[in-house]
Amino acid sequence: MNPLLVVLFLPLATAVFNRLFGARLGKGAAAGLACASVLVAFAFAADSVLGLAALPAASRQVLVHVYDLLDLASFRVGFDLLLDPLSGMMILVVTGIGFLIHLYAVGYMHEEDAGEYARFFAYVNFFVFSMLTLVLAANFLVIFTGWELVGVSSYLLIGFYRGKTSAADAGKKAFIVNRVGDFGFLMAIFLIWNAFGSLDFSAVLPHAAALSPGMATAVGLLLFMGAAGKSAQGPLHVWLPDAMEGPTPVSALIHAATMVTAGVFLVARCHAIFELSPLALGVVAWTGALTAFLAATVAMVQVDIKRVWAYSTVSQLGYMVLGVGVGAYTAGLFHLLTHAFFKALLFLAAGSVMHALHGELDMRRMGGLWRKMPLTCATMIVGAACLAGVPLTSGFFSKDEILLMALRGPHADFGLWLLGYLGAACTAFYSGRLIFSVFFGKPRDHHAYEHAHESPWVMGLPLVLLAVGSLAVGLLGLPGFLTHWQPFTDWLAPVFADLKAVPEASASRALVLGLMALYTGTVAVLGWIAWRLYTGEAAAHPADGEATSALHRLLWNKYFFDEAYGFVFVRALLGYSRWLWRWVDQGLVDGTVNGVAAAAQAAGDFLRGRVHNGRTRQYAAYLAAGACLLLGLALIYHR
Amino acid sequence: MFGVGFFLALAFALFAVGAFGVLTRRDPLVMFMCIEMMFNSGNLALVALSRYLGLASGHALVFFVVAVAAAEVAVGLGIIIAIFRTEKDVNVDHLSELKG
Amino acid sequence: MGLREVLLAVFAFGALAFALAVVSTRNTVYAALEFVAHLLCLAALYCLLDAPLLGVLQVMVYAGAIMVLFLFAVMMLDIQETGRESAFQGPGQVAGALLLAALLFALLVFGADRFPAAALAPAAAPGAPGVGADNVVRVARALFERGALVFEAVGVLLLTAVVAVMVMAKRRLEN
Amino acid sequence: MAFTVTVMGLLIFAAAVAANFAGMILTSTILGPKRRNSVKDQPFECGSLPVGPTHTRFHIRFYLTAILFLIFDIEVVFLYPFITILRPELGVTGLWIMGAFLAVLVFGLAYEWRRGGMEWD
């Protein structure tokens, strides 16, 4: 049996088992089973990827046929899995980081009762299965199936605390906003089927050039609509911050490391289509850049630590989308990889703080916690350094590469670079602000401070491993002028071998070094500002609702996106509906309809007495007569 | 004489007889038997066509039809028993409570 | 006309005759027994059509298990009441039903006649599913290689049926 | 129109069947002796009197048992063709397929057992 099947179906099997019997097994068994299944899946994934690496570079593609989903004469879709360098990287991320998060959750969810505990692990395992389906898909039907399964499992996980209305609402919001994107994705799939007569990647992507330019743009934009929904881009980002209602390990798993990267993955997977359409690529890149910048500015003023990281996730996803949008697919995916590590770390560390402070998330009531929880503090500083792009951390290398590509890559634009640079500056500021407010300075809430404690080892161990990983993963993609050892680029090279111009940035070494110096300086200056502002006795946090300026109010309210949606979609729709109801419906339609309806009701009453009379055999007679009618029609009209 | 046409005609005839039974009998059990008869006529057509086209997939289909029919009979008879043990009446025509 | 043809004629006759008998018999128990006979004739026809496995299936599942259920159901209901009335209802209804059934039959026959003759021409030698062990193997391949998922679905369907019957019958047991 | 000819053959055949059927019944009704008396109409000609109604209603438990029988009947019917190709062709995959099927059916059995479908009192 192919090891990929184990990777895919083991988490599903444990999910089903835990949901059915986990509550009776007790907490230890349920959690142990869930963790073990993901660990085994990781081992098998590593085995598959090593097997893939042993193949010659040009033939690193393994297709696994699991089952014929549909086998009609003209339309055949199989449940096919594709293992290539891209999906290989993704399954390692999903199972590897997924395992660490499982481990962390063992400690984090410990206070739940056995039933809820088993339910949690069942859902998380189900999520892992869904995500693996998505990344391993070998055709558009399977990837869409995975896409929807991810949507369902994230709905279940975000709304995990089902007693809380806000959690249930957040789950629904995530689901509905994602559906908007999915609509685009589905339309794109229809267009692809129409154009190619097949949904297999192998039949579509290598022959994408057969698409007319207009069709390529349409398909690209619709695919990106799906990607934007999942990856929380542009106007469809509103679900992600609310999704923090889920348990913290869920935030780390779904909203940092895996699910939200699906959009980036999709664009990279379908790059052959995007490359045909400069317009579609432009939309992708500008959406990414604007999202990166705007979300970073919002993160500067939020006081809920999980919410800061949520907006930071939106912003970092913007960078990845910017990367793939300027044709720097490898750079975008490298940022995806590094971000998966450090953002999972940051969320888990935030969860650890929250755990220590009994659910407190407001950074205005923290401070000085480094003495109480040194491990959490150290690991979170590592994560924040990566996020902010402190030199020599993984985030520095990956973000640097994207920005360089935005300035000098095949689809570069100065405006894209500027937005990216400003966003990076904001990132440095809010990362510093959060670290300094939470861990340094004087404790602001002495009661909470006294009761704070370091988390147990099951939560600490994943933090340490992720911190080490966050630092080490940068080595895989050092800048080109430092070394020729480029494992990440080389690994993904077969996937992007079809690109005409290899996106080798046409930049001189002086420019690269100058940019690096610029970023380093920016990070240093903004970090220092944050230190001065937030470690003092009276830290510069305004209270709730106290707006220091119009700008602050705008950012505090997240650019009024939710309010705008409320106004445009809810209020306007209601108003329009009311107008329709009053005039068109009641006046025009009802006037006509009431007459018809009265007649219809009379006819209906008559018929109900005669036709719908409860006599079984009479119904059977209608059935037979209908069959005769259909047969007769078929006989007449079939030639 | 015994080509595929003969068996198809026999299957059609059995189907028509079954339909006639469903339309005229009042005993729900006999109606049910007639429905099974229509099922079987379909099976007969499948077997005959498989025989003359040299396919085994028709046989597999008959397997599934029989298994589904078994499940259907189990539930259907369960429903009939449940209804008629409360109604104390075994005439379909007297049963019109479930109408809208 | 060899033995096979004679047997085919006899069992085709039997199937049709017992079908008519089921429809026209008043007593439900007799109707059930005639239905068993009808099913046995069909089983014989399957055997003659080179489908011995299906013949066995027909006897075991239909004539065996399903009809046992029918007979239990008959025994559980009080059948004396209907036995007295005529099996059919008024002459108008019978005529209408007869008309509908005849129409159905005619349409089916004409429909089959419309079928391109080429489609019905034997693809391989007639009787290709073969007799004996080979037939079983071919059917098994069709069942478990292409139809594995359907097979599992049938399992779930049977489970559903068991649960449904339990729910309906259990209420009765508890009363 | 060879097919229609066959159908005509079938129809003639059916008419012959019906005529034969009717003829036999008619002959026996006409030719058979019809001498009835009260003793002959009794259920037992040996003289013992029948007690209670002849139709006794079965309990629903029989039905539940019959359902179990049906399930395992189907199972056996599927097992036979399965075994013929298990060794050379299906291998371990086949065991998984059948294992899942059997597990589902055994689940049904367990359910009926748990709900007391097999208790006789």
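Chain letters run A, B, ... following the sequence lines, proteins first and then strands; every chain starts at 1.
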With chain B, the option among C/V150, C/V162, C/L158, C/L103 that has the most non-hydrogen atom pairs under 4.5 Å is C/V150

Heavy-atom pairs under 4.5 Å with chain B are the metric here; pick the option from C/A153, C/A164, C/A32 that has the most. C/A32

From CA spacing to verdict: side-chain contact (heavy atoms from CB on, under 4.5 Å), C/T160, B/V75: CA-CA 9 Å; C/T160 319; B/V75 177; over 6 Å; no

Portion of [X] that has a non-hydrogen atom of chain B nearer than 4.5 angstrom:
X      : result
C/A140 : neither
C/L104 : side chain
C/F151 : both
C/L53  : side chain
C/V154 : side chain
C/L100 : side chain
C/L39  : side chain
C/L42  : side chain

Straight-line distance of [X] [atom1] to [Y] [atom2], nearest 0.5 Å:
X     : Y      : atom1 : atom2 : result
B/L44 : C/L49  : CG    : CG    : 7.0 Å
C/T28 : B/D27  : OG1   : CG    : 3.5 Å
B/N43 : C/L45  : CG    : CG    : 12.5 Å
C/L20 : B/F20  : CG    : CZ    : 9.0 Å
B/S57 : C/R141 : OG    : CZ    : 13.5 Å
B/F7  : C/Y46  : CZ    : OH    : 11.5 Å

Would you name the heavy atoms of [X] and [Y] that are closest together and state the gap between them?
X      : Y     : value
B/R25  : C/T25 : NH1-O, 2.7 Å
C/A97  : B/L23 : CB-CB, 3.6 Å
C/M168 : B/G78 : CE-C, 3.8 Å
C/F105 : B/A13 : CE1-N, 3.4 Å
C/V139 : B/A60 : CG1-N, 4.3 Å
B/G21  : C/V23 : CA-CG1, 3.9 Å

Heavy-atom pair count under 4.5 Å with chain C, highest-scoring of B/V62, B/I79, B/V66, B/V73: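 With the most close heavy-atom pairs to chain C, the winner is B/V66.
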
Test side-chain contact (heavy atoms from CB on, under 4.5 Å) applied to C/V22 and B/M37, step by step: CA-CA 10 Å; C/V22 171; B/M37 200 185 289; 4.0 Å; yes

Side chain, backbone, both or neither: which part of [X] has an atom under 4.5 Å from a heavy atom of chain C?
X     : answer
B/F32 : both
B/F15 : side chain
B/L77 : side chain

Does the side chain of B/F64 come within less than 4.5 Å of C/L143's, by heavy atoms? yes

Anything under 3.5 Å between a donor and an acceptor, one on a side chain of residues 54-76 of chain C, the other on a protein residue two or more places apart or in another chain? List them.
residue	atom	partner	partner atom	Å
C/Q58	NE2	B/N40	OD1	3.1
C/Y62	OH	B/E36	OE1	2.6

